[in-house]
Protein chains: 2
Amino acid sequence: MALKFISAEEAASLVKHNDNVGFSGFTHAGCPKVVPVAIAKLAEEEHAKGNSFKIGVFTGASTGDSIDGSLTRAKAIKFRTPYQTNKDMRVALNNGEFDFFDLHLSQLAQEIRYGFLGKINVAVVEACDVTESGEIVPTTGVGITPTICRLADIVIVELNKSVPTKLRGIHDMYELQDPPKRREIPIYEVQNRVGLEYVKVDPAKIYVVETNKDGEGGGFAPVDDVTARIGNNVAEFFVSELKAGRIPAHFLPIQSGVGNIANAVLASMGSNPAIPRFEVYTEVIQDAVIDMMQQGNISFASGCSLTVSNEVLHKFYEDLSFFKNKLVLRPSEISNNPGLARRLGIIALNTAIEVDIFGNVNSTHVNGTKMMNGIGGSGDFTRNSYLSIFLTPSTAKNGTISCIVPKVTHEDHNEHSVKIIVSEYGVADLRGKGPRNRAEEIIEKCAHPDYRPLLHDYLNRGVKGHIPQDLYACFAFHKALEETGSMINADFSKL
Amino acid sequence: MALKFISAEEAASLVKHNDNVGFSGFTHAGCPKVVPVAIAKLAEEEHAKGNSFKIGVFTGASTGDSIDGSLTRAKAIKFRTPYQTNKDMRVALNNGEFDFFDLHLSQLAQEIRYGFLGKINVAVVEACDVTESGEIVPTTGVGITPTICRLADIVIVELNKSVPTKLRGIHDMYELQDPPKRREIPIYEVQNRVGLEYVKVDPAKIYVVETNKDGEGGGFAPVDDVTARIGNNVAEFFVSELKAGRIPAHFLPIQSGVGNIANAVLASMGSNPAIPRFEVYTEVIQDAVIDMMQQGNISFASGCSLTVSNEVLHKFYEDLSFFKNKLVLRPSEISNNPGLARRLGIIALNTAIEVDIFGNVNSTHVNGTKMMNGIGGSGDFTRNSYLSIFLTPSTAKNGTISCIVPKVTHEDHNEHSVKIIVSEYGVADLRGKGPRNRAEEIIEKCAHPDYRPLLHDYLNRGVKGHIPQDLYACFAFHKALEETGSMINADFSKL
């Protein structure tokens with residue numbers, strides 16, 4: 001059966017008002033780039049005619065600007081899940097323009113299948129290859145691709161000619177059966193492959209749009225002194241855990257979040273001779289991982305996306321034969337699977353917006369109200385890890401914000417699951433400590449020295465109970481920031 | 001090799017100051033009853049002589065009074081994890097007398113093995129049988145028994161003659177390997193058995209203390225009108241989900257928490273003809289489950305303990321041949337395993353102390369400070385369930401407390417994981433709703449009508465952002481309760 005080649009505009013016209021549309025990819029990697037822009041344009045045209053046009057947007061994680069930016073600016077979104085990092089979308093969802101459900105990334109594919117979020121009408125997926133038999137080979141990010149391709153009535157394939165077809169073989173496409181017929185995922189080592197090199201769908205529902213777009217990835221800021229110190233603290237902590245026998249001698253797979261701190265930690269691990277060569281089982285494979293694979297510090301990487309700068313991406317394509325048996329890209333329900341995180345014994349490294357003295361972490365909402373990005377996979381990994389670690393600088397904005405606070409304003413990870421906190425000042429080990437001792441540990445090891453007296457004052461206000469928090473003084477730091485421009489002016493008696 | 005029979009006092013003398021002691025059981029079920037009392041007596045004697053004597057106490061969950069009550073009253077505890085329900089222990093830990101780590105129950109066995117919590121020196125386990133070859137057959141609760149028996153230098157077996165030896169065969173004892181060598185747990189259906197009928201240890205380290213103690217289980221309060229209405233709301237919700245195809249026609253395994261509300265839900269499910277016969281995959285098997293198995297409403301039950309009244313326990317022993325192929329008791333790392341909860345697709349039903357309008361749940365701390373019991377298995381199940389449900393009456397203490405509040409004072413389960421909330425007024429379905437719509441849904445469906453205007457006032461204070469919470473008014477309900485005796489007098493402008 002011959003494939004149906006159409007234009008981006010023709011593809012957009014297949015999407016109707018009120019449809020739920022699933023997009024491939026995870027971060028900007030693997031996202032379609034021209035069809036969503038065409039859908040946004042169609043929405044604007046419909047709005048100009050006085051017609052309603054809004055869609056539900058389902059993706060693996062965040063996207064490139066072509067999806068979240070274009071569709072937000074066109075006011076074409078009625079619902080969004082599970083995660084975003086786009087500046088226009090952030091403003092819109094904080095203004096309440098549409099419903100956003102901030103979901104654990106591992107759960108989206110199954111919640112779609114369970115019927116909890118409505119029918120997926122159209123899938124739009126980027127591919128480096130598509131065959132007449134219906135084999136779709138994704139590009140550099142997977143996300144929820146297998147599920148949306150299977151469930152959608154229409155599958156629009158953006159065939160991106162800038163991505164080499166020889167990428168085929170880097171993916172491991174495996175979709176879970178649903179309960180009560182679900183089996184184990186037969187991954188026992190990071191490098192195990194359990195699925196196909198492609199997604200297979202009925203070719204009758206495929207429409208192909210040819211493109212030739214480069215990736216939408218930017219670079220990272222260089223590692224500064226604070227992030228370097230956080231990285232070194234993590235590496236030294238690992239060395240001491242190895243010596244104590246609490247981490248096995250051959251190490252365990254690392255999950256590391258996105259951004260500069262994660263890159264700094266990986267760099268510190270790579271340059272520490274006491275840390276053996278290790279594996280990565282994570283959601284996002286960043287620049288540092290690719291570099292460290294080439295240098296021999298990382299032996300294998302499993303992820304959901306290759307979220308790298310264009311420079312590194314082109315290097316990766318050039319050296320594909322080197323990477324092909326050292327790297328695998330999986331759907332998010334596999335890369336982030338709680339059962340696998342626990343089975344493989346991953347060490348989870350994630351960053352925090354703020355941490356409180358009792359060991360709770362805010363990963364999502366600035367001041368408890370303004371959504372930053374979302375919880376992403378941090379919940380999938382933290383709760384089910386061998387050891388959960390959160391990373392934060394002790395302060396932000398030139399010291400006016402303490403990232404260690406009396407109480408987090410929004411709670412994404414709680415005292416039950418958070419084991420280690422690391423700042424540039426040190427490592428707080430919360431294992432086996434009750435709330436008061438956790439607080440002492442966090443204040444002394446992680447808080448900025450300028451904020452330690454204030455935090456001790458709060459802890460020692462004489463509140464009775466297992467957790468001596470004062471409900472009426474707990475946000476004094478945030479109030480001082482709002483009223484005086486710095487948390488250092490916190491006055492607990494004023495509330 | 002002949003077993004070494006000793007007295008409880010001789011057994012206690014094997015325990016030294018600063019030892020970590022692991023006890024069998026889960027709730028009062030399966031806990032040793034005479035050796036811990038003898039350890040408490042020894043501690044008091046040592047204290048009277050001016051000597052230090054404190055131990056770390058590790059169990060499956062809560063215990064009978066013989067462990068947590070006796071040891072607390074003797075001031076013999078230096079550390080306790082993962083859960084408790086004892087009134088004396090509650091007072092002591094809220095007074096900060098010892099460190100308590102409130103841990104997800106599924107995680108304790110592995111955290112002990114990983115070395116995160118120190119060495120287990122002595123295991124004290126209740127058994128209905130023990131052989132010269134070192135086979136120990138537990139009684140009605142398992143908990144962390146396999147792990148503590150293997151790791152401890154000394155294993156003290158309380159051989160309880162009041163428990164029939166023919167209980168052998170009801171247990172499925174399976175201990176996980178640790179990463180990086182961990183394999184899947186080969187349980188695909190609730191009734192699968194994967195381990196041994198006993199725990200096997202080197203007989204050289206076994207000491208046996210013979211006892212003849214009945215269980216320490218009390219009964220439940222009869223189902224009142226409010227709990228009955230909650231139960232009916234859950235059952236009707238299940239019927240509508242079945243009709244919509246969002247729960248498979250043959251239903252899914254139920255996990256249900258401990259207490260009267262859980263019993264009421266099970267009773268409502270059993271009496272609703274539109275709900276098919278179902279299975280239970282849970283931590284605690286309560287009275288209602290046993291009754292419903294005899295009535296044919298529940299086909300199989302897998303749990304960590306048989307936490308029933310003595311009356312039901314004796315009925316169970318009399319009819320053991322009926323139950324033997326319909327009920328299995330497993331270690332807590334299997335009964336509560338996140339990977340299994342997700343694979344089996346369990347429906348998680350747990351109770352809340354308070355719920356907030358954005359979908360966060362407090363399961364542990366009254367007023368955010370006073371520990372009630374602990375998170376128990378609610379985190380293991382909620383996060384990894386097919387569908388997570390929290391149950392709460394709309395009010396407590398004659399309406400002076402609203403169980404639906406602007407902000408929970410302690411957060412054990414968050415918006416990312418909580419899908420359904422049920423009170424006697426109705427069912428709030430949070431799936432696919434952003435924070436504002438979740439709040440409307442919870443207020444309208446679950447809050448007591450007297451509190452709805454106040455909650456709407458809070459929601460509509462004009463706070464900007466994705467989550468419109470007011471950090472300086474969010475605890476006005478709790479302040480009003482403290483100052484006026486009722487949350488109904490909350491005044492948001494006063495804070």
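Just the heavy atoms: all of them, side chains too, but no hydrogens, waters or symmetry mates, feed the values below. Just so you know, these numbers come straight off a predicted model, no measurement behind them.
- With contacts defined as side-chain heavy-atom distances shorter than 4.5 Å, the pair A:R182/B:L344 does not qualify.
- Only the side chain of A:L117 comes within contact range of chain B, with heavy atoms under 4.5 Å apart.
- With chain A as the partner, the residue from B:D470, B:N437, B:L103, B:T81 showing the most heavy-atom pairs under 4.5 Å is B:N437.
- Options B:G96, B:G368, B:A341, B:G374 differ in how many heavy-atom pairs under 4.5 Å they form with chain A, and the most are formed by B:G368.
- Using a 30° and 60° split on the angle between ring planes, A:H466 and B:F100 fall in the perpendicular class, above 60°.
- Using a 4.5 Å cut-off between heavy atoms, B:T409 contacts chain A through both its backbone and its side chain.
- In this structure, the portion of B:H365 lying under 4.5 Å from any heavy atom of chain A is its side chain and not its backbone.
- Rounding to the nearest 0.5 Å gives a distance of 10.5 Å between CG of A:D99 and CZ of B:R436.
- B:R342 CZ to A:N384 CG: the interatomic distance, rounded to the nearest 0.5 Å, is 9.0 Å.
- Judged by a 6.0 Å distance limit and a 45° cone about the ring axis, B:R183 is positioned over the six-membered ring of A:Y188.
- Here the side chains of A:R431 and B:Y114 are not in contact, with every heavy-atom distance at 4.5 Å or above.
- In this model, a donor atom of one side chain and an acceptor atom of the other lie less than 3.5 Å apart for A:E415 and B:H410.
- Using a 4.5 Å cut-off between heavy atoms, A:K419 touches chain B through its side chain atoms alone.
- Using the six-membered ring where Trp is involved, B:F116 and A:Y386 have ring planes that are perpendicular, over 60° apart on the 30 and 60° scheme.
- Looking at B:N95, there are no atoms closer than 4.5 Å to chain A (heavy atoms on both sides), in backbone or side chain.
- Of the listed residues (B:I185, B:I247, B:L252), the greatest number of heavy-atom pairs within a distance under 4.5 Å of chain A belongs to B:L252.
- Here CD1 of A:I467 is found 6.5 Å from OG1 of B:T364. Values are rounded to the nearest 0.5 Å.
- By the 4.5 Å heavy-atom criterion applied to side chains, A:S417 and B:H104 are counted as neighbours.
- The most heavy-atom pairs under 4.5 Å with chain A, out of B:E411, B:R246, B:M371, B:R438, come from B:E411.
- For A:R383, the parts sitting under 4.5 Å from any heavy atom of chain B are the backbone and the side chain alike.
- Interface summary for chain B: among A:P186, A:P435, A:A244, A:P338, the most heavy-atom pairs under 4.5 angstrom belong to A:P338.
- In this structure, the side chains of A:D102 and B:H416 come closer than 4.5 Å at one or more pairs of heavy atoms.
- Residue A:Q177: no heavy atom, backbone or side chain, is found under 4.5 Å from chain B.
- Contacts of A:D429 with chain B are absent, with no heavy-atom separation under 4.5 Å from either backbone or side chain.
- For chain B, the nearby parts of A:P180 are the backbone and the side chain; heavy atoms of each come within less than 4.5 Å.
- With a 4.5 Å cut-off on non-hydrogen atoms, B:E97 does not touch chain A at all.
- Contact count versus chain A (heavy atoms, under 4.5 Å) is highest, among B:P248, B:P253, B:S106, B:G118, for B:S106.
- Both the backbone and the side chain of A:K433 come within less than 4.5 Å of a heavy atom of chain B.
- Counting heavy-atom pairs closer than 4.5 Å to chain A, the top residue among B:R343, B:K407, B:H478, B:K370 is B:R343.
- Between A:N367 atom CG and B:Q469 atom CD the span is 8.5 Å, to the nearest 0.5 Å.
- Between atom CG of residue A:N360 and atom CG of residue B:D412 there is a gap of 9.0 Å, rounded to the nearest 0.5 Å.
- For chain A, no part of B:E189 is nearby; none of its heavy atoms comes within less than 4.5 Å.
- Using a 4.5 Å cut-off between heavy atoms, A:Q107 touches chain B through backbone and side chain atoms alike.
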